[in-house]
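Just so it is clear, the values below take in all heavy atoms, side chains as well, and ignore hydrogens, waters and symmetry mates. On a predicted model such as this, the values are computed, not experimentally measured, just so you know.
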Protein chains: 2
Amino acid sequence: VNSVAIKGNAVIGQSGGPTMVINQSLVGVVEVLRNVQGIDKILGCRHGVRGIVENSYIEVQDMPIEQLDRIAQTPSAALGSSRDKPDRAYCQRIFQSFEAQNVRYFFYIGGNDSSDACRIIHEMAKEHDYELYCFHVPKTIDNDLVLNDHTPGFGSAAKFVAQAFMGDNLDNRALPGIKINIIMGRHAGFLTAASMLARQHPDDGPHLIYVPEVAFDLDQFIADVDRVYAQYGRCLIAVSEGIHTADGTPMMTKLAQEIEQDDHGNVQLSGTGALGDYLSEAIKNGLSDKYGKLRVRADTFGYLQRSFAGSVSPTDSIEARQVGHKAAECAIAGDHQGSITINRVCSDPYEVEFQCVNLADVAGKTRTLDLEYIIDGNNISDDFHEYINPLVGPLPVIETFPAREAVQV
Amino acid sequence: VNSVAIKGNAVIGQSGGPTMVINQSLVGVVEVLRNVQGIDKILGCRHGVRGIVENSYIEVQDMPIEQLDRIAQTPSAALGSSRDKPDRAYCQRIFQSFEAQNVRYFFYIGGNDSSDACRIIHEMAKEHDYELYCFHVPKTIDNDLVLNDHTPGFGSAAKFVAQAFMGDNLDNRALPGIKINIIMGRHAGFLTAASMLARQHPDDGPHLIYVPEVAFDLDQFIADVDRVYAQYGRCLIAVSEGIHTADGTPMMTKLAQEIEQDDHGNVQLSGTGALGDYLSEAIKNGLSDKYGKLRVRADTFGYLQRSFAGSVSPTDSIEARQVGHKAAECAIAGDHQGSITINRVCSDPYEVEFQCVNLADVAGKTRTLDLEYIIDGNNISDDFHEYINPLVGPLPVIETFPAREAVQV
């Protein structure tokens, strides 16, 4: 039986946008910790750091493993999540609560903001000579954490995007027209790029892919659509919600009648169809002189990308559990702080290893898609397939008749 | 070996909005017909009736069964689809093409418009003493064909809606707010009602469900949301794209800046986020005085409902194949025309039987949701579960912590 250096309680929290596998990480931490001597209570804080300052916890150490396993397989954050980004004063309250309740182990599952919260709280504890072990457990469908090959949550969201595009490509082929799909991703285009997995035949869409890593130009966009439509008689387009003009202004900001911002100063991108509708109108206006009445449609995949029940990537699911294990094991091994990262050892056969890096190295930093994957500012290269395929896992079988060939009887 | 009375060719077509299982019906017809003596060529017409008048066909009789099976499992219409609603002149061209090419067997997979096309063509053939066997094979995610307990395509679309709401309910619980999801369905609320499958615990959403069968009142809607939000601190809402005011005007018509209509005179409802965004704004405007800044989001599920790859209902898949078999078998048995219907014999254990009714009895008629399932104009009763559950099949496991209970340590 393992034991920890300092006897005390452990707190686990979930933060930011939920994913399909974030509960795997929660259960991963719990199942290691609950066999450790010296850990008294294992507490899940409700709605992230808010649960800590509001003293709202769930005791998880005595739950039957069958129940924990079912929770692990359930999408979204079972403990509740939070968009709070704790500043120093907020962290002060967290730290005081930890001190008062002899919390010695803190695991925060989230993106780079969560990593930063861990970092601040850990430094505060050091200043007060209070021995506190702080770990950031990675999670984000955006796949935008530095020092990581990829992050838990991304593979399942990417699988959803791939399945959606596989089906929508066939729908667009059956009833040809111009179709835009808006995909999540504020700064990083990984999830939008995942749409390329739907391409299996030469004429398959998405035919155009726009990511936030390159500037978006509306006139060029319409010219791109024109070219594809002239070639295939249809056009399927993947657009990241985070696309912006050359001066860095998000397209959504241009559209927002009433800009809604969250506590991080971010403009609301999701939960509205405005961007897709705007681009639809722009295409109709730009190309109707040439083509006459065009069938143009836009769908915004929205929250389904991160929450759809019953379609996780098996690899993502396993790795989300493993980063939880790794964080707990690092705490037991005596590391005082860290962020768990995933490194790829090999793509074929797929193999990864887990590491624990300094919180400060991950905190507040954003990774974006390698520019080498982006072609002409409007597409993703086939090389991306090797990167993303093992993260998503097997996709449905697609078989259809050739698009153009048809016998005349 | 079976044989048919009149030696000739067979044509199969797919029409209207594709579904996840419409290719099962195609393959169902083909696999019966290709073992029948007297059927020469089995031809798939490209893009529905348009392929007939344009003489654009695919020969399908000699395809390996493995390939046909893969096509059957692939979403969307492999032959291509069409929104053309053939009038008499159009049907005349179809009939002339059939006569010229000795087509004696016609199978049209689609909704009630397709049934009507079959009816007109069959009558024309009778007038010309040309022996033609015409069958309508049912397909629609809207589930709105009369004389049917349900229609192929609906179960899989309903499964998508259920999975989406299961996940989104948990997402809305993790990050509480008001969330609207817009679901397909112009006149019939079946698909929107399927969202009720996501409810497993007393506080689970959708908390409100709006279908086109009852008039929609914006003030009442806001009052409903207010009541739920006050109770649960969150509110998940299912809204049919087809909702309309008491005078019958679709809400979407009120919104459309530029009303786009298809050949059937229908206003475009799908492929835009406008309705969801409009309702979001209405809630923000209506309730911000009471609650302050509200987190309100809207997603429009869009085309994913009918095309998402890899998540069909097993029952739907099997039945879609069986209606194809039944249509071919009726032709062999010597029936001259008909529409295949599904009747439920029993819900538990689930059992159905297939029938062939007169085309005229199905053509151009629309079935809607039984009013007895609709509660207070804003919800669906639990009784609907018995109806819909066997059509959707097993859903993912959901396990989570109680919503409100939390220990104070």
Validation row: B/Pro396, A/Gln73 side chains within 4.5 angstrom (heavy atoms):
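No - every pair of side-chain heavy atoms lies 4.5 Å or more apart.
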Less than 4.5 Å apart, any side-chain heavy atom of B/Phe401 and any of A/Val60?
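Counting from C-beta outward, B/Phe401 and A/Val60 do come under 4.5 Å.
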Which pair of non-hydrogen atoms, one from A/Tyr303 and one from B/Asp299, has the smallest distance, and what is that distance?
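The pair with the smallest heavy-atom distance is N-OD2, 2.8 Å.
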Which atoms of [X] are under 4.5 Å from chain B, going by heavy atoms: the side chain, the backbone, both sets, or neither?
| X | value |
| --- | --- |
| A/Leu79 | both |
| A/Leu26 | side chain |
| A/Ser97 | neither |
| A/Ala100 | neither |

For chain A, find which of [options] contributes the most heavy-atom pairs closer than 4.5 angstrom.
| options | value |
| --- | --- |
| B/Asp69, B/Leu175, B/Thr400 | B/Leu175 |
| B/Ser81, B/Gly80, B/Gly310, B/Gly276 | B/Ser81 |
| B/Ala309, B/Pro176, B/Ser76 | B/Ala309 |

Can you list the residues of residues 12-21 of chain A that sit under 4.5 Å from chain B, counting heavy atoms only?
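Result: A/Gly16, A/Gly17, A/Pro18.
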Any idea which of A/Gly51, A/Ala164, A/Ala162, A/Ser311 has the most non-hydrogen atom pairs under 4.5 angstrom with chain B?
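Going by pairs under 4.5 Å, I would pick A/Ala164.
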Mind checking what makes side chain to side chain contact (heavy atoms under 4.5 Å, CB included) contact with A/Thr74, not counting sequence neighbours?
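Testing A/Thr74 for side chain to side chain contact (heavy atoms under 4.5 Å, CB included), a comparison that skips the adjacent residues, returns A/Asn23, B/Leu170, B/Ile398, B/Glu399.
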B/Ala198: partners by side chain to side chain contact (heavy atoms under 4.5 Å, CB included), with sequence neighbours left out
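B/Ala198: side chain to side chain contact (heavy atoms under 4.5 Å, CB included) contacts with B/Phe165, B/Met166, B/Pro206.
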Spell out, as yes or no, whether a donor-acceptor pair under 3.5 Å connects the side chain of B/Asp277 to the backbone of A/Gly273.
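It does hold such a pair.
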Salt bridge (charged side-chain N to carboxylate O under 4.0 Å, His left out) partners of residues 160-169 of chain B, not counting sequence neighbours, each pair once
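Residue pairs passing salt bridge (charged side-chain N to carboxylate O under 4.0 Å, His left out), neighbours aside: B/Asp168-B/Lys179.
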